[in-house]
Visitor: 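Structure incoming, see below.
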There are 2 protein chains.
Amino acid sequence: MDQIPPERGRGRPRTPILTRRRITTAAMDLIQNSGYRSLTMSALANQLGVSASALYNHVGSKRDIMILVQDRVNEEIDCSGFESEEWDVALENWARSYREVYSRNIPLIPVIAVLPVANSPHTLVMYEVVTAGLMKAGWPEPLVVNAVTAVESLVFGSAYDATAPGDIFDPGALNELAPIFAAAVARRNLMLVTDEDGEEARSGADAAFDLGLRCLLAGFREELRTLRQGVAP
Amino acid sequence: MDQIPPERGRGRPRTPILTRRRITTAAMDLIQNSGYRSLTMSALANQLGVSASALYNHVGSKRDIMILVQDRVNEEIDCSGFESEEWDVALENWARSYREVYSRNIPLIPVIAVLPVANSPHTLVMYEVVTAGLMKAGWPEPLVVNAVTAVESLVFGSAYDATAPGDIFDPGALNELAPIFAAAVARRNLMLVTDEDGEEARSGADAAFDLGLRCLLAGFREELRTLRQGVAP
DNA sequence: ACCTGAACACCGTTCAAGT
DNA sequence: ACCTGAACACCGTTCAAGT
């Protein structure tokens with residue numbers, strides 16, 4: 001089936017030093033060790049023992065590398081709940097894992113959010129698992145993609161939030177511009193440390209995500225119930 | 001009350017060419033006319049008839065300018081619903097306006113999402129209106145900030161989504177990796193053009209945001225109802 | 001086909017020098 | 001105090017030249 005490609009020219013074929021796989025792995029290592037800020041074409045080339053211009057024999061741009069990284073990162077998202085759990089529990093677990101992964105990979109969000117899913121195999125497999133799980137649970141086919149997208153939107157927004165400084169809502173010197181808001185922020189912060197069942201203090205971002213996800217899922221359940229009763233047009 | 005500041009040195013005080021206000025306005029003009037990509041320090045300086053280094057007498061960095069722009073952009077968000085409407089209707093209108101504004105200002109999202117609200121007067125006023133509206137409607141004080149944050153997270157994620165290409169979910173050549181997902185995407189697309197009450201085709205991103213916002217608000221209403229009945233610990 | 005090294009066209013930012 | 005002009009330390013990307 002696989003034919004040995006005909007050799008063009010006279011030289012023997014040489015095994016290339018670089019492959020897209022190796023470039024992706026090196027990029028992941030670099031990110032893991034020194035963060036996205038240090039992922040530059042020359043740093044990446046240096047890590048691979050190669051000159052920066054050599055990378056352009058295998059990828060078209062730095063954005064291409066981000067896309068490769070993104071597909072690999074999506075493998076870390078846990079979809080296992082859809083095998084055994086109820087759809088709403090599975091969806092919640094998936095959303096939590098999704099948020100955790102992207103709060104560690106914030107610079108990927110502008111990339112993935114606008115990126116066609118074609119050519120991203122692991123991403124597609126993830127969507128397949130989630131879609132199949134929802135449809136098996138009786139979700140109507142035309143709504144599934146919208147529901148998944150809505151959860152993703154909440155996840156991306158919340159991932160940003162998770163990386164924000166804890167005092168992001170402190171009004172500071174402009175306190176008198178927003179007294180009611182300032183009081184609510186203070187009350188929220190108090191709540192976070194003295195949570196009834198909480199030995200451990202949660203962050204405001206976590207509490208907001210918890211509330212949002214819980215209410216979104218409650219709304220989903222209600223939506224499904226309404227649709228099943230059948231609404232006459 | 002306002003005293004004329006004492007003159008230091010011998011020179012008479014000169015009126016500066018540049019102010020933070022003027023810089024912000026020029027930045028907004030530049031963005032409006034040629035987009036965020038063309039907002040560079042030298043282009044901005046050029047627009048103001050000044051050299052790039054002069055800007056650093058008034059702002060510490062380009063990020064500072066983004067923050068000034070962001071506070072001005074937030075003025076465009078419509079909060080008027082909280083004056084007259086029910087809290088859920090007002091919150092929905094606010095979220096829709098918020099998303100519309102930020103889908104035109106995507107590059108601000110990474111800035112605002114992580115930005116302390118202090119020193120952003122218009123942003124604070126917005127939060128004040130929303131918070132006051134929710135609390136007047138009976139929302140418990142410790143939950144208000146979390147609810148607002150959850151809506152914002154959905155809004156930011158959906159704003160990204162709104163700028164994505166329409167065929168973002170087409171599996172392309174990897175179709176066989178995700179057959180169930182591919183079918184659901186096709187079915188969704190069909191739904192969009194043949195919507196029962198829709199003369200006008202909506203985008204998938206709009207449909208997803210509609211579903212997400214509707215369900216989130218339904219969940220909020222249920223949460224409030226439950227809290228009002230009082231749950232004994 | 002694949003890699004090197006030099007060069008290009010930008011960035012944001014700094015700083016001595018002027019007034 | 002505020003602006004200029006030159007310079008700095010980077011970026012991603014291109015391209016002729018080598019093998």
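By convention in this document, chain letters (A, B, ...) are assigned in the order of the sequence lines, proteins followed by strands, and residues within each chain are numbered from 1. Treat the numbers as computed from the prediction; the structure is a model and nothing was measured. Keep in mind that the numbers below use all heavy atoms, side chains included, and drop hydrogens, waters and symmetry copies.
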Visitor: When the distance from OH of B/Tyr56 to C1' of C/dT13 is rounded to whole Å, what number comes out?
Guide: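 My rounded result for the distance is 5 Å.
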Visitor: Would you call A/Arg96-A/Asp206 a salt bridge at under 4.0 Å N-O?
Guide: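 Not counted as a salt bridge, because no side-chain N and carboxylate O are separated by less than 4.0 Å.
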Visitor: Roughly, in whole Å, what's the span from CE in B/Met41 to P in D/dC10?
Guide: 19 Å
Visitor: Could you tell me how far apart A/Ile23 (CD1) and C/dC2 (P) are, to the nearest whole angstrom?
Guide: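 So the CD1-P distance, A/Ile23 to C/dC2, works out to 11 Å.
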Visitor: A/Tyr36 has an atom OH; how far is it from atom C1' of D/dG12, in whole Å?
Guide: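 For the pair A/Tyr36 OH and D/dG12 C1', the rounded distance is 19 Å.
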Visitor: Output the rounded distance in Å from NZ (A/Lys62) to P (C/dC11).
Guide: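 For the pair A/Lys62 NZ and C/dC11 P, the rounded distance is 16 Å.
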Visitor: Rounded to the Å, how far apart are B/Leu39 CG and C/dC11 C1'?
Guide: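 So the two atoms are 12 Å apart, to the nearest Å.
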Visitor: For B/Asn119, look at atom CG and say whether over 12 heavy atoms of other residues, nucleotides or ligands are found less than 6.0 Å away.
Guide: no
Visitor: Write down the atom of A/Gly212, the atom of A/Leu154, and the distance for their closest heavy-atom approach.
Guide: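 The answer is C-CD2, 3.9 Å.
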Visitor: Do A/His122 and A/Asn74 have side-chain atoms, one donor and one acceptor, less than 3.5 Å apart?
Guide: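 There is no such pair (donor and acceptor under 3.5 Å, judged by atom type) between the side chains of A/His122 and A/Asn74.
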Visitor: Tell me the interatomic distance from A/Arg63, atom CZ, to D/dT13, atom C1', rounded to whole angstroms.
Guide: 16 Å
Visitor: Do any N or O atoms of the protein come closer than 3.5 Å to N or O atoms of nucleotides 3-7 of chain D, and which pairs are they?
Guide:
{"residue": "D/dC3", "atom": "OP1", "partner": "B/Ile17", "partner atom": "N", "Å": "3.0"}
{"residue": "D/dC3", "atom": "OP1", "partner": "B/Leu18", "partner atom": "N", "Å": "3.0"}
{"residue": "D/dT4", "atom": "OP2", "partner": "B/Ser51", "partner atom": "N", "Å": "2.7"}
{"residue": "D/dT4", "atom": "OP2", "partner": "B/Ser51", "partner atom": "OG", "Å": "3.0"}
{"residue": "D/dG5", "atom": "O6", "partner": "B/Ser53", "partner atom": "OG", "Å": "2.4"}

Visitor: Determine which nucleotide pairs with D/dC10, using a 3.5 Å limit on both distances of a Watson-Crick or G-U wobble pair.
Guide: none
Visitor: Which nucleotide, if any, forms a Watson-Crick or G-U wobble pair with D/dC15, using both distances under 3.5 Å?
Guide: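 C/dG5 is the nucleotide pairing with D/dC15.
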Visitor: Round to a whole Å and report the spacing from CG of B/Leu44 to C1' of C/dC10.
Guide: 17 Å
Visitor: Please report the interatomic distance OH(A/Tyr160) to CD1(A/Ile109), rounded to the nearest 0.5 Å.
Guide: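 It comes to 5.0 Å.
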Visitor: Does the ring center of A/Tyr98 lie less than 6.0 Å from the ring center of A/Tyr102?
Guide: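 Yes, ring centres under 6.0 Å apart.
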